[in-house]
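As the structure is a prediction and not an experimental result, all values here were calculated from the model. Order of the sequence lines sets the chain letters (A, B, ...), proteins ahead of strands, with each chain counted from 1.
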Amino acid sequence: MKLYEQYPVSLTNSLSGKKEKFETLAPGFVGMYVCGPTVYNYVHLGNARTFLSFDIISRYLRSLGYKVRYVRNITDVGHLESDADEGEDKIGKKARLEQLEPMEIVKRYTEDFHTVMRHFNILPPSIEPSATGHIVEQINITKKLIELGLAYEVNGSVYFDVKKYNQSNHYGILSGRNIEDLMESGRDLDSQDEKREKIDFALWKKASPQHIMQWPSPWGEGFPGWHIECTVMSTKYLGETFDIHGGGMDLKFPHHECEIAQATGANGKSPVRYWIHSNMLTVNGQKMSKSLGNSFLPSELFSGSHPLLTRGYSPMTVRFFMLQSHYSSTLDFSNEALNAAEKGFKKLNNALTLIKSLEHPRKTSTINSEFEKNLPGQIDKCFQNMSDDFNTAKTLAVLFEMASQINIWTSQKESLAQVNEETFENYKSTYISMMEEVLGLKEEANHNNDLLDGAVNVLIGLRKKARTDKNFALSDKIRDDLKGIGIQLKDGKDGEMSYEIEK
RNA sequence: GGUUCCGUGGCCGAGUGGCUAGGCUGAGCUCUGCAAAAGCUCCUACAGCGGUUCGAAUCCGCUCGGAACCUCCA
């Protein structure tokens, strides 16, 4: 029996707004597409949260035994600055400002994005396609939509005919809108506008002569519209219908709505079975965003070099902080919350270090029936909680219980003999894999400098000697002086000593 | 204005009809030569009002407060 059969996954489908049982199109396989970053700037912490959420989802599905193809794109062209006539490509604009080639910008921010992902221990996707690498496909689907009568050309640009599409489909199915409301609200078309209706959106946009990124097309020199790249890249690598499409909540409308319309229009079938939207990171209750000026970069968070931050926090602390809430809830950022997260993570991290070196004594002793009942139950709960819409918060609660148990075994070694060896091994491997593989909370070493480690161990030796000699004045001096420079010594029950570097 | 969502103890944050969330903080205790770490115990909430129900934080209605989307955004 596969793990995914033992712990069937249910998830909240944005399409229905309800929690649904997850059934894959092909048994044992999952196709998942997530909208990646537009690489025109450094990714901020809010962006990182979304990619973390889907990192967890892909990690967990894999750990259940699914073979996952995870596609996450890089948007290196296309997203228009405005809907106005001389609509400007974000990347092109930035390039002009900085006097750089567009691909230079793309390269720099793509590298930055990858660096940030690595810091947070967010695994790379299976395929990371870029929009500029799929211009031909985007032109082809645009041609197809024109042929089908769902798009029209004006002046070298091509627009999707939403009204026409809506005659046989529902535009707004994902975000709960209807076309009449949409046509009444929002910005009005101005006289310059080429679109027939304001709800229509560009599939291909004519480039002005000074526009830097442009490609030849049947409609002249231009560049692809805002939404078409995702439709092209998702269907190319995952098929016309695939299992999961994810992205930030703010992409639900219009981006994902348009994707549905394009794909359904072109292929005659709904492209996605389960839509998943992750919620925003907020600061003082407001969405973190570049334009609001309340965003900060991961590097600023690690170093603490931002006015909103009182000090720096490690990547794993931040990862843990984010996993304490559900991906579908907003999460409010604050220094206090980060401080609490740091301590919480430290607890789990210590237990992780401890259990790795904890071995079952292999002696038969009186088996404690309480253990035999509780330990497998906790293992079960980890999976059940994760299978319940990837509830990392609930899973962490179980891991805290397990961490306490690990601490007890560590301080009372004899209690370990009351546990069945197989149960223990299972418990151990579950804790380690839940932490490291599923939640991606890798062990943070307390010390990673061999020279320092050696020097501290010399002092530990001296303190041990002083304590055996009952020379507490000296032993305390060693401890207090080390503490003064940020090294905390800890005496174990068995006479062993360990140390920890304080921040 | 339209669409969607939220309001939980000192703080963060799960939970969506009956059953312990959890973390952090605070108080006390145990262990320890003294600390640190660890363990144990305590502080126990669901914005307000009304309704449904044997029973609601959880469902329904209203009120108040907050947010997101409707313009690029993770």
Side-chain angles (χ1 to χ4, degrees), chain A residues 14 17 19 34-38 40-41 43-54 78-84 87-88 90 172 175-178 180-182 184-187 199 226 246-255 257 277-282 285-292 295 320-321 324-326 328-334 336-348 350-351 354 385 388 391-401 403-404 406-408 410-412 467 470 472 475-476 479-480 483 488-493 497-500 502:
Chain A
S14 304
K19 210 183 273 185
V34 172
C35 292
T38 305
Y40 69 103
N41 218 320
V43 285
H44 63 68
L45 197 65
N47 303 121
R49 187 189 181 201
T50 295
F51 302 122
L52 171 62
S53 299
F54 292 101
H79 282 205
L80 294 174
E81 190 81 342
S82 80
D83 200 13
E88 214 170 355
K90 266 188 177 165
S175 52
R177 283 154 221 243
N178 63 64
E180 290 78 18
D181 289 339
L182 289 168
E184 277 168 28
S185 65
R187 211 186 279 163
I199 47 172
W226 328 333
M249 205 72 118
D250 47 359
L251 296 182
K252 204 169 178 182
F253 188 89
H255 185 57
E257 207 66 77
H277 289 96
S278 63
N279 217 135
M280 302 291 106
L281 183 68
T282 60
Q286 270 211 317
K287 174 182 174 180
M288 177 181 282
S289 81
K290 192 96 183 125
S291 50
L292 287 170
S295 68
F320 169 83
F321 163 69
Q324 274 184 301
S325 77
H326 189 81
S328 66
S329 303
T330 55
L331 172 63
D332 200 60
F333 175 90
S334 69
E336 299 72 44
L338 258 297
N339 280 335
E342 187 175 78
K343 291 187 183 170
F345 173 64
K346 196 166 149 189
K347 205 168 185 173
L348 294 181
N350 283 147
L354 290 172
N385 290 336
D388 182 9
N391 199 322
T392 51
K394 276 171 93 173
T395 306
L396 284 172
V398 181
L399 291 178
F400 273 106
E401 285 177 37
S404 287
I406 292 164
N407 284 329
I408 290 170
T410 304
S411 56
Q412 300 166 42
R467 288 190 73 205
K470 297 246 188 282
F472 295 124
S475 69
D476 284 357
R479 185 180 64 199
D480 295 346
K483 168 96 177 157
Q488 173 71 58
L489 290 189
K490 293 189 265 191
D491 299 349
K493 283 254 166 69
M497 283 177 210
S498 61
Y499 72 96
E500 188 173 296
E502 296 175 331

Examine [N]: is either OP1 or OP2 under 4.0 Å from a nitrogen or oxygen in the side chain of [X]? Give yes or no.
| X | N | value |
| --- | --- | --- |
| Ser53(A) | A74(B) | no |
| Asn47(A) | A74(B) | yes |
| Asn178(A) | U3(B) | no |

Check: How would you label the contact of His44(A) with the nucleic acid (heavy atoms, under 4.0 Å): base, sugar-phosphate, or nothing?
Finding: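 The answer is base, as His44(A) lies within the cut-off (heavy atoms under 4.0 Å) of a base atom.
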Notebook entry, point to check: Should U16(B) form a Watson-Crick or G-U wobble pair with both distances under 3.5 Å, which nucleotide is its partner?
Noted result: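 U16(B) is paired with nothing.
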So which protein nitrogen or oxygen atoms get under 3.5 Å of nucleotides 18-28 of chain B's nitrogens or oxygens?
| from | atom 1 | to | atom 2 | distance (Å) |
| --- | --- | --- | --- | --- |
| U25(B) | OP1 | Lys343(A) | NZ | 2.8 |

Next item on the list: List for me each residue that meets salt bridge (Lys or Arg N to Asp or Glu O under 4.0 Å) alongside Asp480(A), sequence neighbours excluded, and say none if there are none.
Entry: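 So Asp480(A) forms no salt bridge (Lys or Arg N to Asp or Glu O under 4.0 Å) with any residue.
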Check: Is any side-chain heavy atom of Lys483(A) less than 4.5 Å from a side-chain heavy atom of Leu489(A)?
Finding: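 No, every pair of side-chain atoms sits at 4.5 Å or beyond.
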Notebook entry, point to check: Is there side-chain contact between Asn279(A) and Ser329(A), with heavy atoms separated by less than 4.5 Å?
Noted result: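 Asn279(A) vs Ser329(A): side chains apart.
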Next item on the list: Rounded to the nearest angstrom, tell me the gap between atom CG in Leu292(A) and atom P in C72(B).
Entry: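 To the nearest whole Å, that distance equals 16 Å.
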Margin query: Go nucleotide by nucleotide along RNA chain B from the 5' end; which of Pro254(A) and Ser175(A) gets its closest nucleotide reached first?
Written below: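 The 5'-side residue here is Ser175(A).
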Check: Would you say the base of C73(B) and the side-chain of Lys287(A) have a donor-acceptor pair closer than 3.5 Å?
Finding: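 Present.
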So which protein nitrogen or oxygen atoms get under 3.5 Å of nucleotides 29-35 of chain B's nitrogens or oxygens?
| from | atom 1 | to | atom 2 | distance (Å) |
| --- | --- | --- | --- | --- |
| G33(B) | N7 | Arg467(A) | NH2 | 3.2 |
| G33(B) | O6 | Arg467(A) | NE | 3.4 |
| G33(B) | N1 | Asp476(A) | OD1 | 2.8 |
| G33(B) | N2 | Asp476(A) | OD2 | 2.6 |
| C34(B) | O2 | Arg479(A) | NH2 | 2.5 |
| C34(B) | N3 | Arg479(A) | NH1 | 2.7 |
| C34(B) | N3 | Arg479(A) | NH2 | 3.3 |
| C34(B) | N4 | Asp491(A) | OD2 | 3.1 |
| A35(B) | N6 | Asp491(A) | OD2 | 3.2 |
| A35(B) | N1 | Asp491(A) | N | 3.4 |
| A35(B) | N3 | Arg479(A) | NH1 | 2.9 |

